[in-house]
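One structure is given below, encoded as structure tokens.
For the single chain, residues carry numbers from 1 onward in sequence order.
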Amino acid sequence: MTEPLDPTFYRSASDAASAPAERLAYVVAFDREGNEPDALTVLDVDPESEDYGRVVGWVDSPVRGDEFHHFGWNACSSALMHEGHDMSGLARRFLLVPGIRSSNIYVFDTAPDPRQPRLHKTILASELAERAGYSRPHTLHCGPDGVFMTCLGAAVGDAGPGGIALLDHNTFNVISAWEKDRGPQYLAYDAWWHLRQNTLISSEWGTPAMIEDGLVPDLLLRNEYGHSLHFWDLAAGAHTQEVDLGSQNQMPLELRPAHDPDATWGFVGVVVSTEDLSASVFYWHRDGSQWRADKVISIPAEPANPDLLPPALQPFGAVPPLVTDIDLSVDDRFLYVSCWGTGELKQYDVSDPARPREVGSVHLGGIARRAPHPAAPDLPLAGGPQMVEVSRDGRRVYFTNSLYGSWDDQFYPDGVGAWMAKLDIDPRGGMSLNQRFFPHADEFRGRRVHQVRLQGGDASSDSYCFK
């Protein structure tokens, strides 16, 4: 008898949006000093629950010093299209959590008790290095042939090339490197795809040596961080085109392709311009037989009193927005842009993706602003909107405040703290902070918080295969 498919595998984006809302959020928390183990935490996000906004589950890493960063599900809605899956028993059940510093990958099982995941398997850094030739695992997606895990570094040392490791869907064993022909790609960060176009897109940050101890000003001013998008033949693992965004546009990070399976466009956020400290968002799209990318959003730096700035920014007398994450709602209507430096989350209507229109903004934290949450108006906040996640129905947005341990320390030298916030979204555009939801400080046992994953899937976890 064939086992029924996981009900959280949605045939279309509209099916995902109409499914029951999430009641739990999974959030990774890390100890910057490495004195305590990092953790996968579980938050109650059901407004009707007496535990709303509280951590209700916690599982520690078996070692210290991992620095949990990005993580994701073993399977998602794209499994309905991928050939080669053993669909019997396949479910959105396991969370794969890489340690960006240790290069270990931990597989947590959420099925026995979603509020209390348990460690199912550890994939050691040595296996990743020996079988794929990579280190520093970063971002993952369930895809054709296996779980795609982007990695920042080569197997040995702190250099590149970075790339994509392929993991078995069921055993989570490392199979190999995904690339068969990498072309000019050397730096790595994110990867995602247009499944119906047989196209994978990848972006660039830096090698481990370029990021480990913070932003390196000399490298930045010489435009040596990443500044290109790469397009690949998904089935062949072969590089087909590089699109240079301009060497001044440093660090194109998060990729957000349209959820419409027939679409041929998406967005990438760029951290900073070395010309004027602005940040930007580029819109990639197919132009005939080629891909191109156009800058469609530019966010200027904000003047600030140098006395309020960390040493790296004092000579400029300004705060760069530092766009470190973006997220696109499942209906492809709204784009959310995190300005971690200025402490702002922006909302854009992208019904016409070539002409985004700003329709909402909130401020929390910020290098100079330190804007408080309305639930704690006397508490100045460090950090700013960073990792952002949108619910499948587009009505809720969650975000956390830590970027990367050494970068936190560089831009917020007096401490970044730990907090998480939630926005309520007007379907016509506009958003407001939810005053009941503000887990912070002791709620996370002194650890910093980074990425969020939502029960049943979210806007950045799934690819949809059908109209």
Residue that, paired with E22, satisfies salt bridge (charged side-chain N to carboxylate O under 4.0 Å, His left out) out of K422, R396, R395: R396

Approximate separation, where rounding is to 0.5 Å, of R357 CZ and L335 CG: 13.5 Å

Pairs touching residues 294-311 that satisfy side-chain hydrogen bond (donor to acceptor under 3.5 Å, both in side chains), sequence neighbours left out: H285-D294, R292-D294, E302-R369

Centroid-centroid distance, Y412 to W340, less than 6.0 Å: yes

Positive for side chain to side chain contact (heavy atoms under 4.5 Å, CB included) with V390, one of F334, Y336, Y398, F399: Y336

Salt bridge R115-D44, side-chain N to carboxylate O under 4.0 Å: yes

Minimum-distance pair of heavy atoms, taken over all atoms of I299 and C339: CD1-SG, 3.9 Å

Residue list, side-chain contact (heavy atoms from CB on, under 4.5 Å) with V59, at least two apart or on another chain: L40, F108, Q116, P117

Working for side-chain hydrogen bond (donor to acceptor under 3.5 Å, both in side chains), residues S228 and E242: CA-CA 7 Å; S228 290; E242 178 179 6; 2.8 Å; yes

Non-hydrogen side-chain atoms of V350 and F267 separated by less than 4.5 Å: yes

Audit row: S338, D325, side-chain hydrogen bond (donor to acceptor under 3.5 Å, both in side chains) steps and yes/no: CA-CA 5 Å; S338 295; D325 194 20; 5.0 Å; no

R333 atom CZ, over 12 foreign heavy atoms within 6.0 Å: yes

F68: which of F444, F30, Y106, Y404 passes ring-ring contact (aromatic ring centres under 6.0 Å, His included): Y106

Close side-chain approach of L423 to L433, heavy-atom, < 4.5 Å: yes

Test: D38 and R447 ion pair at under 4.0 Å: no

Side-chain donor or acceptor of S278 paired with backbone N/O of S273 under 3.5 Å: no

Smallest separation among heavy atoms of S329 and D331, with atom names: OG-OD1, 2.6 Å

Atom CG of D352 with >12 non-hydrogen neighbours under 6.0 angstrom: yes

H141 side chain to G143 backbone, donor-acceptor under 3.5 Å: no

Side chain E254, main chain D327, donor-acceptor under 3.5 Å: no

Qualifying residues under side chain to side chain donor-acceptor pair (under 3.5 Å), relative to S14, sequence neighbours excluded: S12

Verdict with reasoning, R370 to D414, per salt bridge (charged side-chain N to carboxylate O under 4.0 Å, His left out): CA-CA 12 Å; R370 305 298 172 107; D414 56 341; 3.2 Å; yes

Donor-acceptor contact present, side-chain E67 to main-chain G405, <3.5 Å: yes

Candidates W193, W232, W192 - the one meeting ring-ring contact (aromatic ring centres under 6.0 Å, His included) with F148: W193

Parallel, tilted or perpendicular: ring planes of W407 versus Y225, cut at 30 and 60 degrees: perpendicular

Sequence-distant partners of A191, side-chain contact (heavy atoms from CB on, under 4.5 Å), two or more places apart: T150, I164, L200, S202

Any R64 side-chain heavy atom under 4.5 Å of D31 side chain: no

Ring pair (Phe, Tyr, Trp, His ring centres under 6.0 Å) against Y186, all qualifying residues, sequence neighbours excluded: none

Results of ring pair (Phe, Tyr, Trp, His ring centres under 6.0 Å) for H230 - residues two or more places apart only: H239

Pair D393-S391, side-chain donor/acceptor within less than 3.5 Å: yes

Which atom of A177 lies closest to which atom of A132, heavy atoms considered: CB-O, 3.5 Å

W205 and Y189 aromatic ring geometry - parallel, tilted or perpendicular at 30°/60° bounds: perpendicular

Side-chain donor-acceptor pair present, T324, Q386, cut-off under 3.5 Å: yes

For E344, all residues meeting salt bridge (Lys or Arg N to Asp or Glu O under 4.0 Å), sequence neighbours excluded: K346

Taking every non-hydrogen atom, the tightest pair across F438 and A376: CE2-CB, 4.0 Å

Side-chain (R92) to main-chain (T8) donor-acceptor, under 3.5 angstrom: yes

Residues, nucleotides or ligands: over 12 heavy atoms within 6.0 Å of R222 CZ: yes

D408 (side chain) donor-acceptor with S402 (main chain) under 3.5 angstrom: no

Side chain to side chain donor-acceptor pair (under 3.5 Å) involving D46 - partner list, sequence neighbours excluded: none

Check: T41 side chain, V27 main-chain N or O, donor-acceptor pair, under 3.5 Å: yes

Pair H227, D244: side-chain N/O donor-acceptor within cut-off below 3.5 Å: yes

CG on N223 to CE on M251, rounded to 0.5 Å: 10.0 Å

Ring pair (Phe, Tyr, Trp, His ring centres under 6.0 Å) involving Y348 - partner list, sequence neighbours excluded: none

Short side-chain donor-acceptor distance under 3.5 Å, H194 and W284: yes

R23 atom CZ, neighbour heavy-atom count above 12 within 6.0 Å: no

Y26: ring pair (Phe, Tyr, Trp, His ring centres under 6.0 Å) partners, not counting sequence neighbours: W73

Residue list, side chain to side chain donor-acceptor pair (under 3.5 Å) with Q435, at least two apart or on another chain: none

Pair D409 + R448: basic N to acidic O under 4.0 Å: yes

I100 to L152 - nearest heavy-atom pair and separation: CD1-CD1, 3.9 Å

Whether S135 side chain and A154 backbone form a donor-acceptor pair below 3.5 Å: yes

Partner residues of D276 under the salt bridge (Lys or Arg N to Asp or Glu O under 4.0 Å) criterion, sequence neighbours left out: none

Heavy-atom pair of closest approach, residues H138 and M149: N-SD, 4.3 Å

D332 side chain to D260 backbone, donor-acceptor under 3.5 Å: yes

Pair E389, S460: side-chain N/O donor-acceptor within cut-off below 3.5 Å: yes

Short side-chain to backbone donor-acceptor contact, T400 and M420, under 3.5 Å: no

